[in-house]
Amino acid sequence: MPDAADARRAGRDYFATDPSTLAQRLLGARLCRRLPTAEVLRGAIVETEAYLGVDDLAAHSAGWRRTARTEPMYGPPGTIYVFQVYGMHHCLNFVCGAVDEPVAVLIRAVEPIDGIETMRRLRQSPGKRPLRDRDLCSGPGRLCGAFGIDRAFDGRDIASEEGLWLEPAAEGSWGGSEASRIGNSARVGVEYAGAWADKPLRWFVRDSIHVSRARPSGAVAKRPDA
DNA sequence: ACGAGGATTAACT
DNA sequence: GTTAATCCTCGTA
């Protein structure tokens with residue numbers, strides 16, 4: 001299904017780097033989703049976390065753990081890794097590095113751009129007031145809900161998958177020259193990881209209201225730019 | 001086979 | 001700030 005999107009689509013080389021580099025590179029990139037209805041949803045990535053692999057006690061692949069769930073992490077760069085947490089939420093990751101090097105970047109928040117009303121519908125619970133834009137994709141579980149991403153994408157290739165692709169950040173966008181707008185902190189929800197819980201492996205766009213409001217463990221801050 | 005716990009979220013008090 | 005929701009995964013037996 002070659003079309004205009006393919007010209008801008010990030011290829012495997014985009015992901016063939018270490019997770020800290022990719023986590024920063026992804027800020028400002030467009031996450032794009034084509035629904036079964038053919039509608040295209042788009043959002044700008046504003047928050048990411050790097051998971052460094054076998055030594056990283058917060059990573060699913062810590063200690064070379066290799067199971068049915070973590071198998072996609074051992075795949076080539078650009079492999080999509082979607083897992084479920086707490087029985088009800090999905091988290092989207094892009095595997096990076098090299099084959100058999102189980103490292104990945106978690107997408108934690110997106111600024112919605114195209115298809116906002118569809119995202120609102122996908123996230124809406126019955127009998128509730130419509131969600132504000134800033135609540136649609138400001139969290140790893142939220143953005144998967146808004147984009148209709150579940151484990152059907154697990155193990156697929158982001159460089160060739162029809163329903164999901166990535167468009168690199170444009171010149172002058174976040175992640176590029178304007179490093180001063182990028183914040184960095186400990187990762188969220190990994191208190192169990194000992195010394196690795198405090199490592200500054202989370203990156204986010206400082207002035208975005210679409211960053212998750214979850215506080216990184218340890219680092220107490222009213223706003224995620226402390 | 002069993003059971004604890006999780007890269008979260010929303011709705012409470 | 002506290003807690004329920006909800007189910008799959010994985011260590012242990």
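A note on names: the letters A, B, ... follow the listed sequences, proteins ahead of strands, and every chain is numbered from 1. Note that this is a predicted model, so its numbers are computed, not measured.
Distance CD/A:Glu111 to OG/A:Ser208: 5.5 Å, rounded to 0.5 Å.
Counting non-hydrogen atoms under 4.0 angstrom, A:Glu49 reaches nothing in the nucleic acid. Here A:Arg66 lies out of heavy-atom contact (under 4.0 Å) with every strand.
Both geometric conditions, a ring-centre gap below 5.5 Å and a plane tilt below 30°, are not fulfilled together for A:Tyr86 over the base of C:dA5.
For C:dT9, neither phosphate oxygen OP1 nor OP2 lies less than 4.0 angstrom from any side-chain nitrogen or oxygen of A:Thr67. Between B:dA10 and A:Arg142, a contact under 4.0 Å exists linking OP1 or OP2 to a side-chain N or O. Residue A:Arg108 has no polar side-chain atom (N or O) positioned under 4.0 Å from OP1 or OP2 of B:dA7. Between A:Arg151 and C:dT9 there is a side-chain polar atom (N or O) within less than 4.0 angstrom of OP1 or OP2. At B:dA11, one or more side-chain N or O atoms of A:Lys128 fall inside 4.0 Å of OP1 or OP2 (strictly under the cut-off).
Minimum atom distance to the side chain of A:Ser125 is reached by B:dA11, of the listed C:dT9, B:dA11, C:dA5. Nearest to the side chain of A:Gln84, among C:dT6, C:dC8, B:dA7, sits C:dC8. Listed nucleotides: B:dA7, C:dC10, C:dT6. Nearest to the side chain of A:Val190: B:dA7. The side chain of A:Tyr192 lies closest to B:dA7 when the candidates are C:dC10, B:dA7, C:dT6. In this structure, of C:dT9, B:dT9, B:dT8, it is B:dT9 that holds the atom nearest to the side chain of A:Arg123.
Taking every heavy atom of both residues into account, A:Asn184 and A:Leu201 meet most closely at ND2-N, 4.3 Å.
Distance, A:Leu57 CG to B:dA7 C1': 14 Å, rounded to whole Å. One can place CZ of A:Arg69 at 9 Å from C1' of B:dA7, the figure rounded to the nearest angstrom. Per the geometry, CZ belonging to A:Arg187 stands 15 Å off C1' belonging to B:dG6, to the nearest Å. Remark: C1' of C:dC8 and CZ of A:Phe83 are 12 Å apart, rounded to the nearest angstrom. Between the CE atom of A:Met73 and the C1' atom of C:dT9 there is a distance of 15 Å, rounded to whole Å. In this structure, the CG atom of A:Asp198 is 16 Å from the P atom of B:dA7, given to the nearest Å. Atom OH in A:Tyr51 sits roughly 7 Å away from atom P in B:dA7 (whole-Å rounding). Between A:Glu47 atom CD and B:dA7 atom C1' the separation is 11 Å, expressed in whole Å.
DNA chain B contains the following stems of three or more consecutive Watson-Crick or G-U pairs, with both distances under 3.5 Å: B:1-6 with C:7-12, B:8-12 with C:1-5.
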Original post:
A:Arg9 and A:Glu167: salt bridge (Lys or Arg N to Asp or Glu O under 4.0 Å), yes or no, with the steps?
Top reply: CA-CA 5 Å; A:Arg9 176 194 283 261; A:Glu167 295 173 2; over 6 Å; no
Subject >> Residues A:Arg33, A:Asp114; criterion salt bridge (Lys or Arg N to Asp or Glu O under 4.0 Å); working and verdict >> reply: CA-CA 10 Å; A:Arg33 168 86 164 101; A:Asp114 293 334; over 6 Å; no
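A centroid separation of 6.0 Å or more is found between the aromatic rings of A:His60 and A:Tyr51.
At least one cation-pi condition fails for A:Arg12 and A:Phe15: the charged atom is not both under 6.0 angstrom from the six-membered ring centre and inside a 45 degree cone around its axis. A cation-pi arrangement, defined by a distance under 6.0 Å to the six-membered ring centre and an angle within 45 degrees of its axis, is present between A:Arg25 and A:Tyr14. For the pair A:Arg108 and A:Phe204, the cation-pi test (distance below 6.0 Å, angle within 45°) is failed.
Comparing A:Ala68 and A:Met88 by the nucleotide of DNA chain C that holds the closest heavy atom to each, the one mapping nearer the 5' end is A:Met88.
On the P atoms, C:dA4 is 16 Å away from B:dA4, given to the nearest whole Å.
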